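Notes for the one structure printed next.
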Number of protein chains: 2
Amino acid sequence: MMRTNLANQTKRRVARMPGPKAVPGRDIEAPTAHEIGKRRPEVRLDGLTSLAGYLIRQAQLWVFADFNTTLAPLDIRPAQYSMLVVIRDNPGLSQMALSEVLGISRSGIIPPLDELQSRKLLKRTAASDRRTHALRLTTEGKALLAHADSLVQQHEQRLMDKVGARGHQQLLNVLEVFGRDS
Amino acid sequence: MMRTNLANQTKRRVARMPGPKAVPGRDIEAPTAHEIGKRRPEVRLDGLTSLAGYLIRQAQLWVFADFNTTLAPLDIRPAQYSMLVVIRDNPGLSQMALSEVLGISRSGIIPPLDELQSRKLLKRTAASDRRTHALRLTTEGKALLAHADSLVQQHEQRLMDKVGARGHQQLLNVLEVFGRDS
DNA sequence: CAAGATTGTTCTTGACGTGAACAATTCTTT
DNA sequence: AAAGAATTGTTCACGTCAAGAACAATCTTG
């Protein structure tokens with residue numbers, strides 16, 4: 001079959017004895033419908049979909065995927081968009097303050113900031129504290145962000161279509177707790 | 001200051017002229033409270049917290065962080081936990097089916113499966129289709145997963161403490177849409 | 001002024017995910 | 001039944017994303 005790996009220790013063990021042997025009358029060694037009927041196995045995942053954390057994870061994956069396809073014409077990723085918004089609303093803030101508010105390490109924001117700066121969307125101005133950089137959007141950055149905002153509204157609308165207007169409002173209310181530090 | 005990078009083109013520009021100069025009477029070149037008052041800048045991020053996608057992202061980060069610290073004694077990551085649960089509830093399923101249901105590529109599940117197998121938590125049994133591996137939990141895997149389940153319940157309880165019982169139920173209802181394919 | 005703290009940067013490391021290429025096997029088609 | 005196409009698991013190369021250590025420049029504090 002495939003190359004050598006962890007699996008080929010337990011090969012060559014064919015079918016299975018008729019009578020169930022281990023642990024007589026229990027649910028273990030269950031139906032195994034996958035080995036017999038090949039067509040559409042119908043995987044059960046109730047064990048996961050009843051966990052809010054799993055649903056949040058799946059929702060987040062959908063959000064990023066839809067965000068990326070929506071913002072693709074501008075080539076703006078979610079992290080980059082959040083940086084542009086925070087810089088626009090807080091002109092002159094430092095990289096340290098930005099990294100704290102976005103919840104990433106100060107070394108982690110440097111590559112995306114470099115890219116945004118090389119694309120002439122923001123500038124690192126000198127501040128009174130000469131250790132820091134005062135971040136500001138360029139005129140071009142403000143224009144692109146305005147365009148991005150309208151696309152993000154389309155994305156938000158698609159999310160609303162998916163969960164309903166009522167569900168969308170509930171999401172904003174319930175998840176508001178995670179908006180600050182947390 | 002720092003080494004050579006994209007920023008040090010715009011250095012050596014010290015303070016700022018008293019009177020505002022560029023674009024007379026607009027919101028641009030705003031208060032810049034960060035350059036004057038140094039103490040607790042009070043960063044505004046309304047622009048982000050009004051987006052459901054951003055809140056979902058923040059909630060997801062909290063969920064993973066809390067999950068990881070809660071499950072740390074068992075050394076189980078979220079992705080590994082979801083694999084164990086799906087294999088327990090669907091004994092004998094193939095790696096392909098598992099990767100489809102978890103939404104990752106079939107090459108991407110091999111490293112975590114290898115680790116779980118080397119830890120003797122699951123085994124890759126031979127199936128009637130000799131191309132595939134029938135995934136099953138070992139007795140040890142079932143025992144560890146039972147322990148993990150109780151820890152995950154604690155984690156879920158902490159999430160409920162954070163959003164309230166009502167909010168928790170609303171999350172399950174609203175996000176149920178993302179539980180299947182999507 | 002000297003000692004310590006802060007900021008931005010680089011470098012290394014690790015988790016995680018995708019896509020291409022490939023061997024073994026099964027399925028399809030005639 | 002045999003040839004060609006499709007499927008499954010694997011490896012490999014690659015890219016993204018985030019964290020931590022070390023360091024220079026600068027500020028703050030005693």
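Remember, predicted model here, so these are calculated numbers, not experimental data. So you know, we letter chains A, B, ... as the sequences are listed, proteins then strands, and number each from 1.
Within the structure, no pair that satisfies the salt bridge (charged side-chain N to carboxylate O under 4.0 Å, His left out) test touches residues 93-113 of chain B, not counting sequence neighbours.
Among all heavy-atom pairs drawn from B/L45 and A/G179, the shortest one is CD1-O, 4.0 Å.
No donor-acceptor contact under 3.5 Å links the side chain of A/R130 to the base of D/dT26.
For B/R166, the side chain to side chain contact (heavy atoms under 4.5 Å, CB included) criterion is met by B/Q170, not counting sequence neighbours. Applying the side chain to side chain contact (heavy atoms under 4.5 Å, CB included) rule to B/A59 yields the partners A/I56, A/L175, A/F178; only residues at least two apart in sequence or on another chain are considered. Residues satisfying the side chain to side chain contact (heavy atoms under 4.5 Å, CB included) criterion with B/L61, sequence neighbours excluded, are B/R57, B/Q58. Looking at residues two or more places apart in sequence or on another chain, you find a side chain to side chain contact (heavy atoms under 4.5 Å, CB included) between A/T138 and A/K123, A/E140. Taking the side-chain hydrogen bond (donor to acceptor under 3.5 Å, both in side chains) definition, one finds that A/T139 meets it with nothing, sequence neighbours left out.
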Contacts under 3.5 Å, N or O only, protein and nucleotides 13-18 of chain C:
{"unit_1": "C/dT18", "atom_1": "OP2", "unit_2": "B/S105", "atom_2": "N", "d": "2.8"}
{"unit_1": "C/dT18", "atom_1": "OP2", "unit_2": "B/S105", "atom_2": "OG", "d": "3.0"}

Identify all side-chain donor-acceptor contacts of residues 73-84 of chain A below 3.5 Å with residues at least two apart in sequence or on another chain.
{"unit_1": "A/D75", "atom_1": "OD1", "unit_2": "A/R77", "atom_2": "NH2", "d": "3.2"}
{"unit_1": "A/Q80", "atom_1": "OE1", "unit_2": "A/R77", "atom_2": "N", "d": "3.0"}
{"unit_1": "A/Q80", "atom_1": "NE2", "unit_2": "A/E115", "atom_2": "OE1", "d": "3.4"}
{"unit_1": "A/Q80", "atom_1": "NE2", "unit_2": "A/E115", "atom_2": "OE2", "d": "3.3"}
{"unit_1": "A/Y81", "atom_1": "OH", "unit_2": "A/D149", "atom_2": "OD1", "d": "2.6"}
{"unit_1": "A/S82", "atom_1": "OG", "unit_2": "A/A79", "atom_2": "O", "d": "2.7"}

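Between the CG atom of A/L113 and the P atom of C/dT9 there is a distance of 8 Å, rounded to whole Å. Atom CE of A/M96 and atom P of C/dT7 are 5 Å apart (whole Å). The nearest whole Å value for the distance from the CZ atom in A/R124 to the C1' atom in C/dG8 is 8 Å. In this structure, A/N68 places its CG atom 18 Å from P of D/dG15, rounding to the nearest Å. Between B/Q117 atom CD and D/dT10 atom C1' there is a gap of 13 Å when expressed in whole angstrom units. Between the NE2 atom of A/H133 and the P atom of C/dT6 there is a distance of 19 Å, rounded to whole Å. Computed from coordinates, the A/I110 CD1 to D/dT16 P distance equals 17 Å when rounded to whole Å. For the pair A/R131 CZ and C/dA5 C1', the computed distance is 8 Å after rounding to whole Å.
Between B/Q95 and D/dT7 there is no side-chain N or O to OP1 or OP2 distance below 4.0 Å.
Rotation axes derived from the C1' atoms of the five outermost pairs at either end of the helix from C/dC1-D/dG30 to C/dT30-D/dA1 lie 30° apart, to the nearest 10°.
Within the 4.5 Å cutoff, no side-chain heavy atoms of B/F67 are placed close to those of B/L151.
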